[in-house]
Student: 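This structure is in structure tokens; I'll ask about it shortly.
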Amino acid sequence: MDLALFDVEAPPPAAPTERESPGVRRTKRQADMLSRGRHPLTGQALHEQAAAHDDRDALGRRCGNCRWRQVLQYRTRSYPKCVFPGGSSAEQYETLGPPRVSHGEASDVRSWWPACRDHEPGDTRLPGSMRWVPDPAVMR
Ligand code: SF4
């Protein structure tokens, strides 16, 4: 006995969706956060002097000119991470490591990202006199 209310053909099977890799999904999520004025790592509002996210040549504060962004070496590879201590005590920092660092790509910090509010000028590879961030308002 057929219990269908209407005489319809079976719907076509759904087209197979192409599944994006975790890296592609993360990159899209980060781009979305930047477009909403949020920092991709911290999720918080950007620094008031942050460089524009859609112009990689724009002046201003970026993770790349922040003293907390460091390229950590492990075996033969390099990992750009934010070692900002936040509210960690010295003992917590020593034991657990920087709170924004994980062992995955999700905590990698792109140098071109506009700065978060914890930005402090300085590239540890540069001498002190070169750790200067041009203020876009003054440069115009
Ligand atoms: S701006 Fe500095 S403190 Fe903020 S996420 Fe980037 S590297 Fe970390």
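Any value given below was found using the heavy atoms of this structure, including those in side chains, with hydrogens, waters and symmetry copies removed. For ligands, and for the atoms within them, numbers begin at 1 and follow the listed sequence. Starting from 1, each residue takes its place in the sequence as its number.
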Student: Examine the proximity of ligand 1 to Arg62 and report which part, side chain or backbone, both or neither, has a heavy atom under 4.0 Å away.
Tutor: neither
Student: Are the side chain of Arg62 and the backbone N or O of Ala58 linked by a donor-acceptor pair below 3.5 Å?
Tutor: yes
Student: Taking the side chain from Arg61 and the backbone from Cys66, do they hold a donor-acceptor pair closer than 3.5 Å?
Tutor: no
Student: Within a 6.0 Å radius of atom CD on Glu105, are there more than 12 heavy atoms belonging to other residues, nucleotides or ligands?
Tutor: no
Student: I'd like to know if Asp32 and Arg36 make a salt bridge, using a cut-off of under 4.0 Å between side-chain N and carboxylate O.
Tutor: yes
Student: Can you list everything that forms a side chain to side chain donor-acceptor pair (under 3.5 Å) with Arg25? Sequence neighbours excluded, please.
Tutor: none
Student: Please identify which of these residues, Gln44, His39, Arg38, meets the side chain to side chain contact (heavy atoms under 4.5 Å, CB included) condition with Cys116.
Tutor: His39
Student: Have a look around atom 2 (Fe) of ligand 1 and list protein N/O/S atoms under 2.8 Å, or say none.
Tutor: Cys66 SG
Student: Looking only at heavy atoms of His39, does any of them come nearer than 4.0 Å to an atom of ligand 1?
Tutor: yes
Student: Describe, in one word, how the ring planes of Tyr79 and Tyr74 are oriented to each other, choosing from parallel (under 30°), tilted (30 to 60°) and perpendicular (over 60°).
Tutor: tilted
Student: For Arg100, take its heavy atoms, then give the atoms of ligand 1 lying under 4.0 Å from any of them.
Tutor: 3 (S), 4 (Fe), 5 (S), 8 (Fe)
